[in-house]
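A quick write-up on the structure given underneath.
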Amino acid sequence: MGLRLTPHPSPLTSIKMAQESTENVIDQPEVLKPRMITIEISGKKYEVPEGVTVIKAMWYAGQEVVRGVGCLGGFCGACATYYRTKDDPKVKTCLACQMAVQDGMSFTMMPPFPARKAIYDIQQLKDPKQDLFNLYPEAPLCRNCNACTEACPQKIDVREGVWKAVFGDFQSVSDMFMDCVMCGMCTPVCIADIAPNLVALYVSRAQGAHFAEKPAGLETRIKEINDGRFNGEWQKILSMNEKELAEHCATVK
Amino acid sequence: MDIHALQQIVHKTRDARRKQTLQKFSPADRDQLIHKYHPDFRAKAYRPLRFGPNEGEKTVVELATLLEGDSGIQDHADLAPLYTTDVLVVGGGGAGCAAALHAHGSGAKVILATKLRLGDSNSVMAQGGMQISVAPEDSPVTHFIDTLKGGHMHNDHDLLKVMVEEGPSIAKWLIELGVLFDRQADGNLHVKKGGGSSKPRLVTCSDYTGLEIMRVLKDEVINQKIQLLEFAAAIELLSDDEGNCTGAIFKDLDTQRLVVVAAKSVILATGGIGRLHIQGFPTSNHYGATGDGLCLSYRMGAKLAHIDTFQYHPSGAVYPEQLIGALVTEGMRSEGGHLVNAQGERFVNELDTRDVVSSSIIRECEEGRGIRTMSGRVGVWLDTPLLDVEHGSGTVEKHFPAMVLQFERFGIDISKDPVLIYPTLHYQNGGVKIDTNSETNVKNLFVAGEASGGLHGRNRLMGNSLLDLMVFGKRSGLTAAGRAGSMKQGKLTLKHLERFRAEARKHGNVSGVISPMVLPAYTRKVG
Ligand SMILES: Cc1cc2nc3c(=O)[nH]c(=O)nc-3n(C[C@H](O)[C@H](O)[C@H](O)COP(=O)(O)OP(=O)(O)OC[C@H]3O[C@@H](n4cnc5c(N)ncnc54)[C@H](O)[C@@H]3O)c2cc1C
Ligand code: SF4
Ligand code: SF4
Ligand code: FES
């Protein structure tokens, strides 16, 4: 068997039937004979098995990674990485836990970037759409270069989002940036020193706190609880013995 | 065979399956299934703890080894504090952020220390949603009952009542902070039905619920100027002469130096254990989910609850290899996705509780009705294209953008092709035993979130964890802050460690490892 990169063995070694027949087996020639490929990590060459994630390739190469790994699931943005594939001049971006390595690839993790985050008290804002210009005065200076959009590994139209924020379309911005993992890759590329993700975060929070409708049903439920509407039911349930409670539970479908 | 060829059976049997309704198992069948197939019942994976607060109780070998492990701190370490605070929060996930914000909000000085960056946690990954009884036909009492059933009646009633009753006000708090929950046309919160729940009760932010909540809470922690120590891993707690908790020792992961923090109260919000890869399972958890809080508390003398039960989420990705263990959200089954074996048959009501669904998947695979990958993994199909068939094309893309993107990166279109799944180690059902203020039996030591235990009984119901984090994060923060004014900072000693070491020696010594683990050792030893 070839190299197994995952640090954990399959728990299923006891499975006989499925293993004996070749029916229902997915072909993965690359797994049986992992092809070793050459990649470059921060300018240094390493041989690693083809197809593992960028982070696993770093572990395989013997590197300790502390800064640069977080959720390992594509949600936290800790693993922002620049990469280039063989012979292609274009430097692209990815989340290292969500990208497979290929032969000739070179990559480097993005260092933390000292972007400025505005400080605000979201609940005290009087005019959030106007306040945007005080908190992020650089936002309207976007020069439309589109570098932020090209840098986004989550495929958000970041440039469009910045414009929509400036024009006060907070609803659209909050929809567009729901996928934002705050990896910050849109920031170092910005020629107007905008941190689009931070602008969008402010806008989304303002949208949620100030412009989204207040859910009436939620208020009603809170009031019901405070007024003790469920006290009778609670009393009934909490005074049951184990058996009665189990029987009662069985009636709730 | 080519994966597409194997998938044909799912496409072919779809129409027939749509007409089928599968009953949930009877309680007796359910018990039998779980006892036979659930990993919690593999006796060989367990051993009793030899000493400490839970002496004699069984847990998985991986955890037992760490609980009986030794501290990396020597008896005569220098304990001069670098920082002093009222409330020290350890962990930067949902529970940690909620605790820090509430403690800060009631006037206490707070330090939030975390192992990776603020927010790098399990919390950012929660996709399915948060259970809160907001629907008119629902109630906190029904939420209580559903949870109790899910937890096999082992839940702590007091903790559970507090959680379900405070749910709605937590939703309100989050909305005021700007969290964008999905809404119905009338502006009310949209609720989805989750596995094991009798009423629709999951509030969501598309399939980014945890991410959205964490983006907002992180931003708020920074806006409130709460002091942050990132890349600081707690490796030992501190106690005074009475054995009360008085602070913690951290290792700065950038400089490898030790940092001592004196605190009137400590709140551990260090999350789960997935990266221990119990019984060899892959995991859905973040890099730092190594059960550190359990080891730290155990050495302090805090009792643990339900540490013999873990949640294996039914749908961890099995293919492609790069996504091993990653979660395929339960939302897919909530919206009607079928589980299908190699013969094209359904084998379980997909909305049964996680332990039941996981056990039945394991059964299918062990009895030879699984699909095998050449990496030696087995799984069953989750019929994702069915969602578009049932609810109109574009449903998968619209409701599960995160999922779609994750698979698309590897050339798989989950709206057209089913995905291969197998249970993945997901959640620690038990943890450090707490009271309704989130305090342990060690005074001034609080534990909140996944690291705590009792609330969820022997099986957590989906969506209850996010609520747990917020409710008990809040309660721990408020209680710790409320106490700070009338309290002096206690002495900083390692007496608890001396006691623990003495006990260990009596029982043929510690397990030989240093705990907590801090980070899993994935780096290949070259040469
Ligand atoms: C993929 C996935 C999907 C999920 N989906 C849902 C869902 O839809 N609904 C739901 O309710 N629940 C869900 N859960 C469960 C839920 O997300 C977690 O139980 C919850 O987020 C745990 O929160 P926490 O704050 O306790 O821990 P975490 O969010 O994991 O945070 C723990 C923090 O502590 C830090 N830490 C750990 N050890 C140390 C140390 N020694 N020193 C300093 N810091 C330390 C970590 O780095 C991290 O920042 C999901 C879990 C996963 C993994
Ligand atoms: S918008 Fe910026 S921070 Fe957000 S995911 Fe895209 S590149 Fe990353
Ligand atoms: S990178 Fe900056 S200047 Fe260019 S489009 Fe984006 S926000 Fe505008
Ligand atoms: S480690 Fe979190 S996105 Fe990659």
Item checked: Pairing residues for B/R409 by the salt bridge (charged side-chain N to carboxylate O under 4.0 Å, His left out) criterion, not counting sequence neighbours ->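 In terms of salt bridge (charged side-chain N to carboxylate O under 4.0 Å, His left out), with neighbours along the sequence ignored, B/R409 is linked to no residue.
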Next item on the list: Could I get the full list of salt bridge (charged side-chain N to carboxylate O under 4.0 Å, His left out) partners for A/D131, not counting sequence neighbours?
Entry: none
Note to self: Can you list the residues of residues 114-124 of chain A that sit under 4.5 Å from chain B, counting heavy atoms only?
What the structure shows: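 Residues of residues 114-124 of chain A touching chain B at under 4.5 Å: A/K117, A/A118, A/I119, A/Y120, A/I122, A/Q123.
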Notebook entry, point to check: Does anything in residues 242-251 of chain A get under 4.5 Å of chain B by heavy atoms, and if so which residues?
Noted result: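 The stretch touches chain B at A/L245, A/A246, A/H248, A/C249.
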Heavy-atom distances under 4.5 Å only: say whether [X] touches chain A with side chain, backbone, both or neither.
{"X": "B/L211", "answer": "side chain"}
{"X": "B/E166", "answer": "neither"}
{"X": "B/L323", "answer": "side chain"}
{"X": "B/L6", "answer": "side chain"}
{"X": "B/T373", "answer": "both"}
{"X": "B/L420", "answer": "side chain"}
{"X": "B/I222", "answer": "both"}
{"X": "B/I371", "answer": "both"}
{"X": "B/A171", "answer": "both"}

Using non-hydrogen atoms and a 4.5 Å limit, figure out which bit of [X] sits close to chain B: side chain, backbone, both or neither.
{"X": "A/I225", "result": "side chain"}
{"X": "A/C180", "result": "both"}
{"X": "A/Y202", "result": "neither"}
{"X": "A/R229", "result": "neither"}
{"X": "A/L198", "result": "neither"}
{"X": "A/M99", "result": "backbone"}
{"X": "A/E219", "result": "side chain"}
{"X": "A/Q207", "result": "both"}

Margin query: Checking the side chain of B/E212 only, and the main-chain atoms of A/M178 only, is there a donor and an acceptor separated by less than 3.5 Å?
Written below: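 Looks like no, no N/O pair under 3.5 Å.
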Margin query: Is it true that B/D182 and B/T204 share a donor-acceptor pair across their side chains at a distance under 3.5 Å?
Written below: yes
Check: Hey, are B/R377 and B/Y319 close enough side-chain-wise for a donor-acceptor pair under 3.5 Å?
Finding: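 There is no such pair (donor and acceptor under 3.5 Å, judged by atom type) between the side chains of B/Y319 and B/R377.
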Next item on the list: Could you have a look at A/D179, A/V181, A/T53 and say which one has the most heavy-atom pairs with chain B under 4.5 angstrom?
Entry: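 Most pairs with chain B among the choices: A/D179.
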Margin query: Just verifying a value: how many Å separate B/Q127 CD and B/Q406 CD, rounded to the nearest 0.5 Å?
Written below: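 Atom-to-atom, B/Q127:CD and B/Q406:CD are 7.0 Å apart.
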Notebook entry, point to check: Has A/K129 got its NZ or CZ under 6.0 Å from the middle of the six-membered ring of A/F211, at an angle within 45 degrees of the ring axis?
Noted result: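 Here A/K129 passes the 6.0 Å and 45° test against A/F211.
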Check: If every non-hydrogen atom of A/A100 is compared with every non-hydrogen atom of B/Q322, which pair is closest and at what distance?
Finding: CB-NE2, 3.3 Å
